[in-house]
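Step one of this worksheet: look at the structure below.
One is the number of the first residue; the rest follow in order along the sequence. From a predicted model like this one, the values you see are computed outputs, not experimental measurements. Computed from heavy atoms alone, side chains included, the values below leave out hydrogens, waters and symmetry copies.
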Amino acid sequence: MNRPVLLVIAHGSRDPRHAATVQALVRRAGALRPGLRVETAFLDFNLPSVTGVLDRLAAEGVRDVVALPLLLTRAFHAKADVPAVLRQAPPSLRIRQAEVLGPSPLLVAAVERRLYEAGLAPGDKSTTGVVLASAGSTDPEAIAVIAETARELRRTGWCSVRPAFASASLPRTEDAVRALRADGVRRVAVAPYVIAPGRLPDRIAAGAAGADVLADVLGPSPELAALLVERYDGALRAAECVTAAAG
């Protein structure tokens with residue numbers, strides 16, 4: 001029996017680094033599951049489009065697809081944009097929408113990996129405050145998830161962790177950096193809680209000017225690649241449970 005195709009749906013960006021990073025992440029995820037067909041599509045700015053990929057899959061005779069939103073929270077794109085574009089799929093396709101990536105312990109681990117790659121060490125945790133800087137959202141559920149992720153990161157041993165946002169919400173990255181300084185934190189690090197480079201990650205980087213350390217975006221980290229496969233498997237298990245209940 002052929003496994004459903006994994007379709008990773010990214011937001012897209014005019015910044016060419018965005019698509020390149022997404023493709024690198026998807027390749028890494030595919031390498032974790034040999035034989036699994038993995039496709040990438042974008043909601044905006046980049047090609048291939050979601051509808052274009054779905055039409056091509058249907059024309060090839062594919063019947064089952066797991067659509068995975070490459071999003072860290074269930075904000076507007078996950079709740080509205082992705083379902084809307086999936087409703088335009090050819091009727092021959094059976095599509096299961098996987099959960100968004102966050103929250104997950106793997107994301108916390110990916111953030112820590114990037115902080116260590118930026119020059120910090122586990123022994124620095126007790127003297128380092130972290131600004132967990134996300135893109136931002138007006139969705140209360142998404143804001144709550146970012147706040148909880150910051151708390152989970154704090155529980156790993158960092159002396160303080162403050163969430164910040166590049167748009168739509170407050171505080172901004174630079175404000176969170178100043179707040180940690182005012183609290184007397186010896187070392188301040190900014191950890192971008194975003195998947196790929198682009199306009200908002202650049203805004204985060206600009207706001208990190210007063211910090212001691214700026215980590216990289218999550219990008220094609222091993223943890224993020226593993227999380228894509230985990231969400232794919234979770235969508236299949238959920239479908240099996242529904243089928244069993246119906247039977």
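- Salt-bridge annotation for Glu223 and Arg28: absent, with no side-chain N of the basic residue lying under 4.0 Å from a carboxylate O of the acidic one.
- Residue Phe165 forms a side-chain contact (heavy atoms from CB on, under 4.5 Å) with just one option from Ile146, Leu132, Leu170, and that option is Ile146.
- By the 4.0 Å N-to-carboxylate-O rule, Glu152 lies too far from Arg154 to be salt-bridged with it.
- Looking only at distances, no side-chain donor or acceptor of Asp64 sits under 3.5 Å from a matching main-chain atom of Val5.
- Note: Leu86 CG to Arg96 CZ = 13.5 Å, rounded to the nearest 0.5 Å.
- Atom OG of Ser13 sits about 7.0 Å away from atom CZ of Phe45, to the nearest 0.5 Å.
- Using bins of under 30°, 30° to 60° and over 60° for the plane-to-plane angle, the ring pair His11/His77 lands in the perpendicular bin.
- Note that CG of Leu72 is 11.5 Å distant from OG of Ser137, once rounded to the nearest 0.5 Å.
- The backbone N or O of Thr156 sits less than 3.5 Å from a side-chain atom of Lys125, completing a donor-acceptor pair.
- Under a 4.0 Å N-O distance rule, the pair Arg155/Glu148 qualifies as a salt bridge.
- Checking side-chain atoms of Ser167 against main-chain N and O of Ala135 turns up a donor-acceptor pair under 3.5 Å.
- We find that Asp175 and Arg178 are joined by a salt bridge, their nearest charged nitrogen and carboxylate oxygen being less than 4.0 Å apart.
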Determine, step by step, whether Thr127 and Arg186 satisfy the side chain to side chain donor-acceptor pair (under 3.5 Å) criterion, reporting the C-alpha distance in whole Å, the side-chain angles of both residues, the deciding distance to 0.1 Å, and the verdict. CA-CA 6 Å; Thr127 56; Arg186 183 184 306 175; 4.6 Å; no

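- Put simply, OG1 on Thr73 and CD1 on Ile143 are 8.0 Å apart, with the number rounded to the nearest 0.5 Å.
- Note that CH2 of Trp158 and CG of Leu120 are 5.0 Å apart. Values are rounded to the nearest 0.5 Å.
- Atoms CG and CZ, on Leu106 and Arg113 in that order, are 11.0 Å from each other to the nearest 0.5 Å.
- A salt bridge links Asp233 and Arg33; the closest N-O separation between the charged side-chain nitrogens and carboxylate oxygens is under 4.0 Å.
- A donor-acceptor pair under 3.5 Å is formed between the side chain of Arg231 and the backbone N or O of Val100.
- The closest donor-acceptor contact from the side chain of Arg74 to the backbone of Leu71 lies at 3.5 Å or more, if one exists at all.
- Electrostatic pairing of Asp212 and Arg181 counts as a salt bridge here, judged by a charged N lying under 4.0 Å from a carboxylate O.
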